[in-house]
Undergrad: 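Pasting a structure below so you can have a look.
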Number of protein chains: 2
Amino acid sequence: MPERYVYDFAEGSREQRDLLGGKGANIAEMTRVLGADRVPAGFTITTETCVAYMDGGRVEPDGLADQVAMALTRLEERVGKRLGDAEDPLLVAVRSGARESMPGMLDTVLNLGIGPAAVEGLAARTENERFAWDSYRRFVQMFGTVCRGVPGDALEAAIATRKRTAGVELDTELSVDDLRGLVADFEALYTDRTGEPFPTDPAEQLRQAIRAVFDSWVGDRAIEYRRISGIPEDWGTAVNVQQMVFGNKGDSSCSGVAFSRDEITGAPEPSGDFLINAQGEDVVSGVRTPDDLPGLTDRMPTVYAELVDILARLESHYGDMQDTEFTVEEGRLYMLQTRGAKRPAQAAVRFAVDAVEEGLLTRAEALATIDAGSLDALLHPTFSADAEPEILVRGVNASPGAAKGRIVFTASDAVAWANLGRDVILVRPFTEADDVAGFFAARGILTSEGGKASHAALVARGMGRPCICGASALDIDLAAREVRVGDVVLRQGDQIAIDGTSGLVTIDDVELVEPPPDPNFQRTLEWADELRRLEVRTNADTPDDARRAREFGAQGIGLCRTEHMFMAADRQPKMRAMIMAEGLEEQTAALADLLPLQQGDFEGIFEEMAGLPVTIRLLDPPLHEFLPDPEELALEIQRGRSEGRADLEELERTLERVHTLHETNPMLGTRGCRLGLIHPEIYEMQATAIVRAALAVEARTGRAPHPEVMIPLVAYEKELERMRALVERVVEREGGDGIGLSIGTMIELPRACFVADRIAAVADFFSFGTNDLTQTALGFSRDDAEGTFLAHYLETKIIDRSPFDTIDKPGVGWLVRLAAWTGREAKPDLKLGICGEHGGDPDSIVFFHDVGLDYVSCSPFRVPIARIAAAQAAVADTGRLA
Amino acid sequence: MPERYVYDFAEGSREQRDLLGGKGANIAEMTRVLGADRVPAGFTITTETCVAYMDGGRVEPDGLADQVAMALTRLEERVGKRLGDAEDPLLVAVRSGARESMPGMLDTVLNLGIGPAAVEGLAARTENERFAWDSYRRFVQMFGTVCRGVPGDALEAAIATRKRTAGVELDTELSVDDLRGLVADFEALYTDRTGEPFPTDPAEQLRQAIRAVFDSWVGDRAIEYRRISGIPEDWGTAVNVQQMVFGNKGDSSCSGVAFSRDEITGAPEPSGDFLINAQGEDVVSGVRTPDDLPGLTDRMPTVYAELVDILARLESHYGDMQDTEFTVEEGRLYMLQTRGAKRPAQAAVRFAVDAVEEGLLTRAEALATIDAGSLDALLHPTFSADAEPEILVRGVNASPGAAKGRIVFTASDAVAWANLGRDVILVRPFTEADDVAGFFAARGILTSEGGKASHAALVARGMGRPCICGASALDIDLAAREVRVGDVVLRQGDQIAIDGTSGLVTIDDVELVEPPPDPNFQRTLEWADELRRLEVRTNADTPDDARRAREFGAQGIGLCRTEHMFMAADRQPKMRAMIMAEGLEEQTAALADLLPLQQGDFEGIFEEMAGLPVTIRLLDPPLHEFLPDPEELALEIQRGRSEGRADLEELERTLERVHTLHETNPMLGTRGCRLGLIHPEIYEMQATAIVRAALAVEARTGRAPHPEVMIPLVAYEKELERMRALVERVVEREGGDGIGLSIGTMIELPRACFVADRIAAVADFFSFGTNDLTQTALGFSRDDAEGTFLAHYLETKIIDRSPFDTIDKPGVGWLVRLAAWTGREAKPDLKLGICGEHGGDPDSIVFFHDVGLDYVSCSPFRVPIARIAAAQAAVADTGRLA
């Protein structure tokens with residue numbers, strides 16, 4: 001009894017990927033759901049056959065030929081056509097299909113079965129002699145190169161000769177006679193190469209095509225691809241032999257694409273396009289304008305009814321909106337493909353809500369159909385859909401939403417103009433900590449350098465300001481206050497509009513549209529809150545941000561960066577005074593000036609977040625970030641000397657301090673708790689402000705805030721121990737024992753993950769700072785990588801996604817897991833959260849759910865997305881358990 | 001039958017640390033070796049007793065009182081004296097002793113047993129009434145504070161009052177009557193505090209003292225110390241009750257220290273100091289000048305003979321040169337302490353060789369007695385031992401050895417002056433890649449900034465140049481070419497001398513002494529080579545370095561940094577031309593210029609390392625390191641503008657390029673293989689130079705070199721895959737298949753350690769770059785940390801040793817282990833080495849041995865040290881197995 005090598009499509013299902021390959025399993029599934037008549041028939045030769053063929057030294061295993069012959073007979077009987085038939089020939093496609101898709105790596109032979117007789121039958125049936133002969137020509141060419149190694153360039157040369165002789169330039173201009181001649185040319189080349197006549201027996205053609213697919217599994221391209229993708233060689237590939245169908249056999253034939261619901265709005269009516277008497281590629285290519293799908297009611301009412309029914313069945317079976325391809329051959333409807341439909345956000349949430357109401361899906365299933373990352377579009381204004389602005393320049397879509405305003409080139413101009421009530425767009429080569437006040441004032445930000453992880457992008461996303469980065473065609477002259485793009489020169493005050501969702505910049509006066517509140521979105525968010533386990537907090541540094549985030553459903557603040565408070569225009573001089581202070585006395589005075597301001601900041605935030613936790617990170621960035629740029633300062637001093645300026649001494653003192661504080665790699669320098677340990681007076685001022693603010697808000701409102709003090713950049717448990725002791729002393733001194741302040745740390749260095757158990761012993765919580773953890777674990781400086789090697793790595797496919805967008809699981813992910821495990825081992829009730837940019841990325845959120853974190857924290861505008869993603873993670877998790 | 005709580009000293013041994021505590025076990029060991037008569041007698045109350053006491057709610061366990069009473073009786077019988085005796089009283093010390101030393105954390109009571117009667121006996125025996133009464137006073141004070149919480153400041157106030165009344169300033173000026181009065185004062189304060197009279201019963205005193213030691217185990221200080229040091233609370237502490245002996249009981253008494261061999265030279269004669277009629281602290285304090293130990297022959301011939309015999313027995317027992325303390329009380333010799341003797345390098349190697357020849361130790365045992373880190377002194381010139389130069393300034397001893405020369409302030413001056421045959425010392429605030437040519441030219445380097453891991457220190461150690469860093473008292477004015485230290489002003493050309501071993505700088509014309517070749521050192525190195533498993537290679541970038549390292553015993557090159565080759569004066573312009581090139585053509589031309597120079601470099605190194613492996617790291621640093629400083633350049637341009645300079649355009653173009661290449665954190669920027677992937681032409685040039693050099697050397701000398709190409713900064717396996725493919729293409733193109741070139745990577749990023757199995761699949765070897773791994777795992781920028789927070793951390797004991805000196809085991813060490821394990825799992829014959837600075841650190845070498853690396857690589861002058869340390873690691877390992 002020979003082994004089983006061949007399965008008809010009607011026998012398989014999607015669970016049999018390993019045996020039938022991805023394509024074979026999918027066709028089988030569709031056949032199973034729709035019935036054998038609806039899907040072009042055929043059979044799959046199993047992956048095991050390929051392995052047996054290879055193991056046997058490229059010899060077909062015994063019995064395979066018989067099984068293929070029997071399957072072919074069954075196929076001919078089912079479709080009522082015969083391979084090579086002169087009237088109405090059966091043609092088949094022979095395609096590879098491994099467990100995982102290996103696009104373009106394995107071989108395919110189309111139109112198999114065509115020959116001197118069958119070509120005439122095809123011509124008659126399609127009423128298109130040229131099409132028939134071109135198909136024949138393509139088959140001979142494909143079979144020759146794929147199955148027998150006839151050199152492709154020899155064949156191409158034959159085509160060129162024919163074109164020269166015919167005096168035409170394009171392949172499509174060759175006549176039927178030319179094509180006839182080409183078939184003869186090709187067959188001659190085949191004989192030259194192989195010493196054999198071109199095979200006319202379709203069974204022999206099929207045998208060779210199957211061998212060719214198997215052989216391609218061990219071809220150079222496939223081996224290289226497998227090595228890179230980590231696909232084992234012993235998986236093998238399946239071979240699918242499938243009837244070819246033709247939508248161009250006259251007016252009772254057509255081809256089209258059909259969505260089970262409107263692909264733009266999600267409205268529950270099928271939509272799509274079709275073309276009578278055409279092949280599938282004609283619908284897509286746009287050479288002819290296709291008709292709207294509902295038009296098919298008139299042209300082929302029965303077929304349309306069948307199609308609508310099929311779409312409903314597919315949607316119900318797959319539990320998702322479907323995007324299908326179909327062909328009608330002489331009145332008979334074939335489904336070629338079905339897959340989940342890509343759709344814009346409003347369609348996605350509408351489908352989810354409708355599907356639940358229709359009883360099609362449970363809430364959990366409906367949520368799982370939403371692409372959480374796409375929901376951004378429901379939260380930000382956009383260019384009006386009718387607008388077709390002329391594009392001035394494109395950049396990196398760094399923070400979503402659209403904005404319009406007058407160009408300013410400095411943060412201080414932005415503040416000044418905004419105070420006059422003008423909308424401004426801040427345009428700079430790049431931005432720095434100094435510029436943050438300008439972000440508050442501006443409607444949007446546009447830079448010529450940097451990418452999605454640049455300073456501008458991070459700050460803009462945090463504040464929900466639209467931002468485009470790295471628009472490198474902009475030539476910005478800050479001194480002249482103008483920017484050139486080719487011949488266009490724009491000056492301060494000129495109007496531009498930016499769309500941070502698409503990365504487009506225009507000088508047209510385009511209309512901006514606020515997204516209307518979407519009740520479907522609200523429904524899905526409510527369901528998400530019922531289903532998710534992860535809490536969602538926000539990263540917010542101001543009462544405004546806190547309020548907005550709370551409206552978006554944030555359950556507290558996971559990261560309040562205190563340094564941004566020192567960047568505000570009224571704070572910066574005091575901060576500089578503190579840094580420039582000579583002696584402790586001057587410094588203490590400067591800190592005393594800052595204390596009430598900090599306290600005020602915290603009071604505002606505590607009031608907005610009444611009753612919720614607020615994690616405040618003590619000062620993190622190196623002090624030189626608060627001082628001016630040394631090069632500019634040095635130039636100013638040199639100019640000042642020749643001009644006899646009066647404040648030279650002060651400037652020189654500042655430059656000296658800038659030089660002293662200068663660091664080669666500030667990211668790895670004196671920042672975070674290192675600052676707190678060297679200058680405990682700064683952290684003491686901040687802790688005092690927090691405790692006093694909490695007490696004041698409690699006294700005023702009667703609602704106690706839950707402050708959580710976060711010590712950044714801990715690598716050694718002793719660092720945290722000492723900073724904890726400092727904060728505890730302040731709490732005691734200020735009489736703040738009653739506010740239940742907790743003290744934890746940001747886990748953002750690899751070492752901290754290795755000693756997480758020791759750190760946990762002195763921490764109430766860990767918050768993973770995955771931005772810095774990514775920088776250190778990968779050795780990627782965020783500021784430097786994006787515009788340079790990271791862009792190169794993405795382009796050249798060294799990596800698929802930026803590790804700053806989606807967490808790098810093998811490296812950074814392991815560190816997070818390790819710290820979560822060992823931290824919880826040392827302290828089972830340790831609270832775990834994440835406050836890096838990854839907290840708003842749906843794929844990363846699934847990871848954080850799986851690791852067992854308690855919450856994610858993200859910028860206010862990502863909160864709704866995080867709520868959905870967290871629910872999806874919980875649903876997937878429950879699915880795995882069940 | 002009650003449990004056993006008490007052990008006499010004569011019963012225990014050093015293995016019983018857990019039960020008897022560290023001190024108890026050590027005294028017992030010495031008692032066991034020398035006999036009970038030689039060590040002041042006593043007994044130990046076990047750590048278990050402490051635990052039982054605590055568990056019982058601070059109640060002495062049943063039977064303890066009886067066992068202590070019996071032990072005290074045995075003690076009195078053994079020494080023939082009684083507690084409280086009026087003639088010749090027994091006094092005891094009651095000391096804590098946990099398993100691990102907790103210095104100063106637990107309590108101690110000395111002179112217990114003294115009282116109104118005994119004080120007279122002590123006065124008569126010591127012929128020193130004042131000493132007796134002072135001892136009494138101290139006992140009452142100590143007992144009161146330690147055992148019953150009498151406030152220390154009240155007691156101090158009583159002393160102050162007595163001094164005021166007596167009209168004296170110092171405690172030592174108080175008369176016997178004053179002291180009598182003080183005892184009365186203290187006892188009154190005791191009664192005030194406790195409501196009880198001061199206890200006169202010695203047994204009761206002893207009981208309370210024992211309780212006090214137990215109680216101190218749960219005192220605040222001890223709890224805090226245990227928490228920080230990770231000592232479990234349930235270990236408990238032992239209590240040692242020991243007879244006190246007095247070397248000040250007249251001319252038949254003395255105190256002294258004795259070494260079993262000469263502590264300076266290692267010569268096999270005892271040495272040391274003693275003082276007749278004195279206590280131990282008098283010998284150490286230097287108030288009286290002690291006599292040389294051999295003088296004891298005349299004063300106490302019998303005792304001296306006994307002492308010499310004891311020293312030999314201790315040395316033989318412990319297998320190491322001993323450093324002891326002794327007291328002779330009325331003609332009877334007591335040994336108070338013995339421990340391994342600290343000794344300079346020449347004594348260490350002499351002892352090792354002598355001990356083997358005397359049959360005292362095996363070679364392995366002898367090697368283990370050497371402090372490998374101290375051997376530096378045998379390799380570098382030093383200030384003459386007779387010289388007592390006046391110290392100008394002290395800095396960080398960054399690279400060992402002494403040097404003398406004229407001050408120059410720039411690398412180019414160093415080169416120019418050296419070419420004139422002058423010895424120069426390069427003096428700079430700090431150094432950069434640009435300055436490396438100056439290191440070659442200078443005899444030594446002195447900087448005012450940075451520490452042991454600064455650029456200056458690293459390069460200097462690599463080249464074996466003496467270097468002092470961070471001499472912050474130097475005020476260097478580069479523009480004026482002068483340096484100030486207080487009032488001293490030194491100008492270019494003035495002579496200074498530096499000792500990089502001690503960190504001292506002087507302007508005296510001190511004599512430098514070359515260390516003579518030490519045959520003992522040679523012997524120990526030969527033994528080390530027999531015993532070690534780890535290979536020792538060197539980090540060398542020039543033929544000179546390679547030759548020197550080979551003389552020191554290096555077995556190949558573990559790290560040849562190609563960037564240093566581009567820093568040489570004739571290369572730098574070409575390198576700059578390559579970086580500034582506009583278009584591929586200009587760049588290709590610049591690279592073609594560099595190719596033959598690189599090839600020449602490699603040929604020189606291959607010849608010196610004939611037959612040995614040479615690991616060459618392809619270009620690693622970011623390109624902007626080869627360009628000028630932007631601030632200086634900007635100033636030059638601004639000046640140039642006002643002066644109408646001709647080459648302004650060129651300078652501006654350079655500044656623009658510098659700005660484009662500028663990185664915020666170059667350490668985490670476009671460097672290493674990231675450069676190679678973006679600019680493959682650079683790596684291709686280097687690979688070509690390596691293959692051609694190997695072929696040329698083989699053709700010329702007939703000896704094939706073993707080049708190993710190392711790709712730096714790999715985080716993703718694909719990076720290595722592609723660079724490997726590039727190098728393999730070059731090998732093939734150049735016909736270098738026969739040279740057996742291997743290709744591997746530097747493991748220097750945390751992510752690489754997590755995916756080491758995947759990387760190993762495409763690597764022939766891993767070389768751990770522990771410098772960069774330390775920087776990334778800890779988030780410590782080497783350039784920035786040393787002068788700032790790292791210094792602060794060492795000072796404030798957040799860390800014990802710089803992680804750049806000795807590998808940080810919990811963090812960096814784990815990453816190394818992980819990568820070694822998983823790399824070898826994927827490829828069992830993967831070669832593993834380490835080429836960071838840690839490769840020359842003895843403690844780190846033990847770790848690398850244990851992890852199973854194949855080799856360590858270090859700077860040439862550390863090679864002998866690494867050989868010894870590697871042998872010690874192997875010996876320790878064998879010891880563990882046995």
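Chain A is the first sequence line, chain B the second, and so forth, proteins listed ahead of strands; every chain is numbered from 1.
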Undergrad: Among R674(A), E663(A), E632(A), single out the residue with the greatest number of heavy-atom pairs under 4.5 Å to chain B.
TA: R674(A)

Undergrad: Report which part of S642(A) has an atom under 4.5 Å of a heavy atom belonging to chain B: side chain, backbone, both, or neither.
TA: neither

Undergrad: Measure L675(A) against the heavy atoms of chain B and call it side chain, backbone, both or neither at under 4.5 Å.
TA: neither

Undergrad: With a 4.5 Å cut-off on heavy-atom pairs, point out which of A761(A), A715(A), P750(A) contacts chain B the most.
TA: P750(A)

Undergrad: If you take all heavy atoms of C673(B) and L713(B), which pair is closest and at what distance?
TA: SG-O, 3.5 Å

Undergrad: Between chain A and each of M667(B), Q638(B), E748(B), count heavy-atom pairs under 4.5 Å; write down the option with the most.
TA: Q638(B)

Undergrad: Please flag which part of L661(A) lies under 4.5 Å from any non-hydrogen atom of chain B: side chain, backbone, both or neither.
TA: neither

Undergrad: Are there more than 12 heavy atoms of other residues, nucleotides or ligands under 6.0 Å from atom CD of E656(A)?
TA: no

Undergrad: Quiz question: by atom type and distance under 3.5 Å, do the side chains of T788(A) and T670(B) form a donor-acceptor pair?
TA: yes

Undergrad: With a cut-off of 6.0 Å (strictly less than), are more than 12 heavy atoms of other residues, nucleotides or ligands near NZ of K809(B)?
TA: no

Undergrad: Please flag which part of R639(A) lies under 4.5 Å from any non-hydrogen atom of chain B: side chain, backbone, both or neither.
TA: both

Undergrad: Who wins among L677(A), L773(A), D772(A), L815(A) for the most heavy-atom pairs under 4.5 Å with chain B?
TA: L677(A)

Undergrad: Looking only at heavy atoms and a cut-off of under 4.5 Å, which of L635(B), I799(B), I678(B) has the most pairs with chain A?
TA: L635(B)

Undergrad: Check whether the side chains of E721(A) and Y716(A) place a donor and an acceptor atom closer than 3.5 Å, and report yes or no.
TA: no

Undergrad: Please check if any side-chain donor atom of R801(A) sits under 3.5 Å from a side-chain acceptor atom of T806(A), or the reverse.
TA: yes

Undergrad: Looking at S781(A), P630(A), C753(A), which makes the most heavy-atom pairs under 4.5 Å with chain B?
TA: S781(A)

Undergrad: After noting the C-alpha distance and the side-chain angles of D784(B) and R671(A), does the key distance pass the salt bridge (charged side-chain N to carboxylate O under 4.0 Å, His left out) rule?
TA: CA-CA 11 Å; D784(B) 304 310; R671(A) 47 171 289 235; over 6 Å; no

Undergrad: Once you round to the nearest 0.5 Å, how far does CZ of R428(A) lie from CG of L474(A)?
TA: 13.5 Å

Undergrad: For P622(A), is it the side chain, the backbone, both, or neither that has a heavy atom closer than 4.5 Å to a heavy atom of chain B?
TA: neither

Undergrad: With a 4.5 angstrom heavy-atom cut-off, is it the side chain or the backbone of V762(A) that approaches chain B, or both, or neither?
TA: side chain

Undergrad: Using heavy-atom distances under 4.5 Å, tell me whether D629(A) contacts chain B through its side chain, its backbone, both, or neither.
TA: neither

Undergrad: Should the pair H662(A) and H624(A) be assigned to parallel (<30°), tilted (30 to 60°) or perpendicular (>60°) ring geometry?
TA: tilted

Undergrad: So, taking the atom named OG1 in T822(A) and the one named NZ in K827(A), what distance separates them when rounded to the nearest 0.5 Å?
TA: 13.0 Å

Undergrad: Who wins among I637(B), D808(B), T664(B) for the most heavy-atom pairs under 4.5 Å with chain A?
TA: T664(B)

Undergrad: Side chain, backbone, both or neither: which part of H679(A) has an atom under 4.5 Å from a heavy atom of chain B?
TA: neither

Undergrad: What option among T796(B), L633(B), V812(B) has the most heavy-atom pairs under 4.5 Å with chain A?
TA: T796(B)

Undergrad: Counting heavy-atom pairs closer than 4.5 Å to chain A, which one of K797(B), Q775(B), E719(B) comes out on top?
TA: E719(B)

Undergrad: As an exercise, state the distance from CG of D620(B) to CD1 of I711(B), rounded to the nearest 0.5 Å.
TA: 11.0 Å

Undergrad: Is it the side chain or the backbone of F780(A) that comes within 4.5 Å of chain B heavy atoms, both, or neither?
TA: both

